[in-house]
Amino acid sequence: MTIKEVEELLEVPRATVRFYEKEGLINPQREGNRYRDYSAEDVEQLKKIIIFRKAGLSVSDIADLFDGAKQIDAVLEENLENLNKQMEELKGSINLCKKIKEDSPEIDSFNSEVYWNYIEEEEKKGNAFIDIAIELAHEEKKIIASHLGWGIDRDGNIYDLKQCVIGTVCAIVLTGTVFGLFSGNWGIGNLKEAVRFIIGMIIFESFFMIPIYFLGKKHPKIARKRNGYMLLAMCSFAVVLVLFVVFLNILGD
């Protein structure tokens, strides 16, 4: 069966099918012309994946189920706990939306103090709201993963710990080697400098990436060209920094 036929049968885009293949959840054979040939077993596996995803399971959880690393009862129990937590968070956010809607405030006269106090009072009662830190944590994880060569799925979960460890070590060793080439000194100090440099780069990139990420939520154009806008922001910052240093030197003279 071709990927087009699988698309039509399961009503999912081919990008989704190939994503699950990349994650190692399915492994279709290739014909002599190198095209993928999806068997009945592959289609059945895809159905299971889609069912579990619709139930809220992460890609890593599904992989663990297929590998036998986790039992289905334990995975579903954990998933139910997470879903119930999300429902409580959504309930709090729904009530907040209803309250704001009932008050019918204009954005110019929006009294943030009133709703801030409302949220605080509700949280004291044990009611929850959507955790806005989750998106931030996922974005930070992507930045760290990109620098250290980690592999994470679209849920933000690490799917290959061994590869992550190897990627981290390689990043530190390569960066340390570069420091050694430039300084002419070789030793453990280079590795320490490499770790500091990588951490600094992660912080520096986060400074630009996170605001652009949230701007992209509001402006789709920015989301589509996020890397381009980030590069523009970093270049602009570099120019301003250089001009600032030049200005300080002029003042010093």
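On a predicted model such as this, the values are computed, not experimentally measured, just so you know. Throughout, numbering of the chain's residues begins at 1 and tracks the sequence.
With hydrogens and angles ignored, the 3.5 Å screen pairs a side-chain donor or acceptor of D37 with a backbone N or O of M1. Remark: the backbone N or O of S39 is paired with a side-chain donor or acceptor of D42 at under 3.5 angstrom.
Between L25 and Q45, every side-chain heavy-atom pair lies at or beyond the 4.5 Å cut-off. For the pair V43 and L9, the minimum side-chain heavy-atom distance is below 4.5 Å. Between I62 and Y20, every side-chain heavy-atom pair lies at or beyond the 4.5 Å cut-off.
Separation of atoms CG (N95) and NZ (K91) is listed at 8.0 Å; rounding is to 0.5 Å. Between T16 atom OG1 and I50 atom CD1 the span is 7.5 Å, to the nearest 0.5 Å. Note that CG of N117 is 8.5 Å distant from CG of N111, once rounded to the nearest 0.5 Å. With rounding to the nearest 0.5 Å, the separation of CG in N82 from CD in E77 is 10.5 Å. One finds the CD atom of E78 at 6.0 Å from the CG atom of D61 (value rounded to the nearest 0.5 Å). Note that CG of D67 is 11.0 Å distant from OG of S60, once rounded to the nearest 0.5 Å.
Cluster membership check: I51 does not share its hydrophobic cluster with V75, using side-chain heavy-atom separations under 4.5 Å among Ile, Leu, Val, Met, Phe, Trp and Tyr. Hydrophobic clustering (ILVMFWY, side-chain heavy atoms < 4.5 Å, transitive): I72 and L57 are in one cluster. When hydrophobic clusters are built by joining Ile, Leu, Val, Met, Phe, Trp and Tyr residues whose side-chain heavy atoms come closer than 4.5 Å, directly or via intermediates, F129 is grouped together with I100.
A search for side chain to side chain donor-acceptor pair (under 3.5 Å) contacts involving Q29 returns nothing, not counting sequence neighbours.
Nearest heavy-atom pair, E5 versus T2, reported as atom, atom and distance to 0.1 Å: OE1-N, 2.8 Å. Nearest heavy-atom pair across R36 and P28 is CD-CG, 4.2 Å. The two atoms that bring K70 and L65 nearest to each other are O-CD2, 3.7 Å, heavy atoms only. Minimum interatomic distance between I26 and V17 (heavy atoms only, all atoms of both residues): CD1-O, 3.9 Å.
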Exercise for the section: Evaluate the side chain to side chain contact (heavy atoms under 4.5 Å, CB included) criterion for residues K47 and E44: first the C-alpha distance (whole Å), next the side-chain angles of each, then the deciding distance (0.1 Å), finally the verdict. Expected result: CA-CA 5 Å; K47 285 182 179 179; E44 181 63 24; 4.2 Å; yes
Practice task
Could you please spell out the steps behind the salt bridge (Lys or Arg N to Asp or Glu O under 4.0 Å) verdict for K125 and E121?
Solution key: CA-CA 7 Å; K125 296 176 186 176; E121 289 300 319; over 6 Å; no
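The pair K85-E88 does not count as a salt bridge, with every side-chain nitrogen at least 4.0 angstrom from each carboxylate oxygen. Salt-bridge check for K98 with E102: failed, with every basic side-chain N at 4.0 Å or more from each acidic carboxylate O.
Taking a 6.0 Å sphere around CD of Q71, one finds it holds 12 or fewer heavy atoms contributed by other residues, nucleotides or ligands.
Sorted by first and then second residue, the ring-ring contact (aromatic ring centres under 6.0 Å, His included) pairs with a member in residues 33-70 form an empty list; sequence neighbours excluded.
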